[in-house]
Structures are given as structure tokens and as C-alpha cells.
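Remarks on the structure that follows.
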Amino acid sequence: MQNGSSKTVIPSSPFIEGAEKYFEHFREFQELMMRYQCAILEVETKLRVLNNDMSVRHNRNPIEFIKSRIKKPISIANKLKRRGLDVNIDNMTACLNDVAGIRVVCSFIDDIYEIAEMLARQDDITVIEVKDYIKNPKPTGYRSYHMIIEIPVFFSDNPMNMRVEVQIRTIAMDFWASLEHDLKYKNDGADPDIETELFECAKTINETDLRMQQIRDKVEKG
Ligand code: 0O2
């Protein structure tokens, strides 16, 4: 310290260099998460616009509610590891399509396809992949319509194409998926009959969804 100056010079060390690198990566990760969050905002707005438009012009709301989430860092790391990939930002952006996820819960099965079609038709949306687990349910009984879409988001520096997974399902499919997710996690394969029972419940729920759709068709025909 000289002439009353209080500036302290911290000598560099491998620990400090490591910490600097960590914070540099952390900032990069945080910035990317902000970008995924903005992509969610854009897609959610589009969905709300569609619902409002349908409400005013056709007097019905195909969307019951929308939930969105950014995948947790631990889930991102586990998914990359499961695929035999290194846990880093490049692999996350290149290989994971569901870092940004939106779940759209509709009233009827037909609403799902209508919403999916209206979203896919929009000029600034590119559909990367569609998985129709309603026409082809998973062996567990899981039903839902999954779309991976890409949307340009205009940030202060430049536009970026961001990927978002959109899961569209009925209230009944959502009810099953939420409970099955918790019960499967708690059971953890201990009782194989549980999986069979959950599969049977999915079938019953699907039958109800189909009946509700038929009732709506009858009502709308008058
Ligand atoms: P979370 O926290 O729900 O997001 P891809 O992502 O397309 O490269 P992946 O992961 O095989 O490959 O996609 P898949 O199987 O098409 O969809 C995965 C997601 O669908 C899961 O996300 C669940 O949300 C849901 N899902 C798929 N199968 C089932 C099922 O049997 N039961 C329930 N409850 N949900 C299911 P994550 O990654 O598991 O986590």
C-alpha cells in the first residue's frame, strides 16, 4: 500500500482462474436460460392470442390453461449424461430440444389438433419434429401431442432461433400424466402391477375423452 492508496492486488492462482472460468460459464448459462425464457414468452403469447381469437369469433376457448417451465440444470445434466454426452452448453443447445417447455391443456381431443395446426401455420414458426402420442400412445399409456418448434426471438444484440417443446393434451390426459409421473417415481419399479393398473387407467381415461368428444360433436350439430 502506498501514499494512503487502499488498492489491494490479489495474486492470480489456479483456484482464482478456475473460479473466473466458472463464473464466465455461469454467466453464459444464465444468459442462455434468459433466452429460452423469452422464447417461452413468445410462444405463450401466440397461444393466448389464438385462444382469445377463438373465444371472440367462435365463442369457445379451446385452451383450458398453459403451464411452462425451463428444464432444471440437474435434469439437463442427467439427460446429457444418459445420452453419453459431456455436460456443456454446446451439447445442451445442439442436442436437447426440451430446455424450454410449454404444456397446453385443451378441453377436447379435436382442440389439440386445431391448436397444433394454427401454431404450425404461423410464418415465423418452424416445426422441427412432431410426436403424436395420441395416435401412437407410449407403452406406459401416455398420450399427448408433442411438437418441437423453432421461433426467432429478437434480443438487443441480434435475433436468435430458439427451440421450444410444446406438449398439447386434454385435461384428462394431463390428469393421468401428472399422477402417473408421481406414482411411478414413488413406486420405482417395486410393484410391476402398478404399471399395469396405470396403463388400464390411461385406457379408461382415453375412452372418456373420446366419449366427451362425441358428445361435443352431437351438441355442435344441434
Ligand atoms: P419433464 O420434466 O417432464 O420435461 P426428446 O426430448 O424428444 O429428444 P425424449 O425425452 O425421449 O426425447 O422425448 P419424449 O419421450 O417424446 O418426451 C419426453 C417428455 O414427455 C417427458 O419429459 C415427459 O414430460 C413426457 N412423457 C413421456 N413419456 C411419459 C410417460 O410415460 N409418463 C409421463 N407422465 N410423462 C411422459 P421428461 O424429460 O421426462 O421430463
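Start at 1 and go down the list; that is how both ligands and their atoms are numbered. Fair warning: this is a prediction, and the values are worked out from it, not measured in the lab.
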Exercise. Val43 versus Ile149: any side-chain heavy-atom pair under 4.5 Å?
Worked result: yes
Problem set entry | Heavy-atom side-chain contact between Glu42 and Asp124 under 4.5 Å | no
Exercise. What is the distance from atom CD1 of Ile194 to atom CG of Asp188, rounded to the nearest 0.5 Å?
Worked result: 12.5 Å
Exercise. Would you say Arg103 touches ligand 1, if touching means a heavy atom closer than 4.0 Å?
Worked result: yes
Under a 4.0 Å N-O cut-off, is there an ion pair linking [X] with [Y]?
X      : Y      : result
Glu207 : Arg211 : no
Arg60  : Glu114 : yes
Asp209 : Arg143 : no
Arg27  : Glu31  : no

Problem set entry | Winner among Tyr133, Tyr142, Trp176 once heavy atoms are compared against atom 30 (C) of ligand 1 | Tyr142
For this session: Going by heavy-atom distance to atom 33 (C) of ligand 1, choose the closest among Met173, His146, His181, Glu180.
Result: Glu180
For this session: If you link ILVMFWY side chains whenever their heavy atoms are less than 4.5 Å apart, which other residues fall into the same cluster as Phe108? By chain and number, please.
Result: Met212, Ile215, Val219
Exercise. Polar-atom distance check: Ala177 versus ligand 1, any N or O pair below 3.5 Å?
Worked result: yes
For this session: Please confirm whether Glu129 comes within less than 3.5 Å of ligand 1 when only nitrogen or oxygen atoms on both sides are compared.
Result: no
For this session: Using protein heavy atoms only, decide if any is under 4.0 Å from atom 22 (O) of ligand 1.
Result: no
Exercise. Looking at atom 39 (O) of ligand 1, is any protein heavy atom nearer than 4.0 Å to it?
Worked result: no
For [atom], find the nearest protein heavy atom and state the residue, atom name and distance (0.1 Å precision).
atom                    : answer
atom 13 (O) of ligand 1 : Lys131 NZ, 3.4 Å
atom 37 (P) of ligand 1 : Lys71 NZ, 4.1 Å
atom 31 (O) of ligand 1 : Thr140 OG1, 2.7 Å
atom 15 (O) of ligand 1 : Lys138 NZ, 2.5 Å
atom 24 (O) of ligand 1 : Gln167 NE2, 3.2 Å
atom 6 (O) of ligand 1  : Lys79 NZ, 3.0 Å
atom 4 (O) of ligand 1  : Arg69 NH2, 2.6 Å

Problem set entry | Distance-only donor-acceptor check, side chains Ser68 and Glu44, under 3.5 Å | yes
Exercise. Under 4.0 Å from ligand 1, counting heavy atoms only, is it the side chain of Arg83, its backbone, both or neither?
Worked result: side chain
For this session: Examine Lys131 relative to Tyr142 and say whether NZ or CZ is less than 6.0 Å from the centre of the six-membered ring and inside a 45° cone about the ring axis.
Result: no
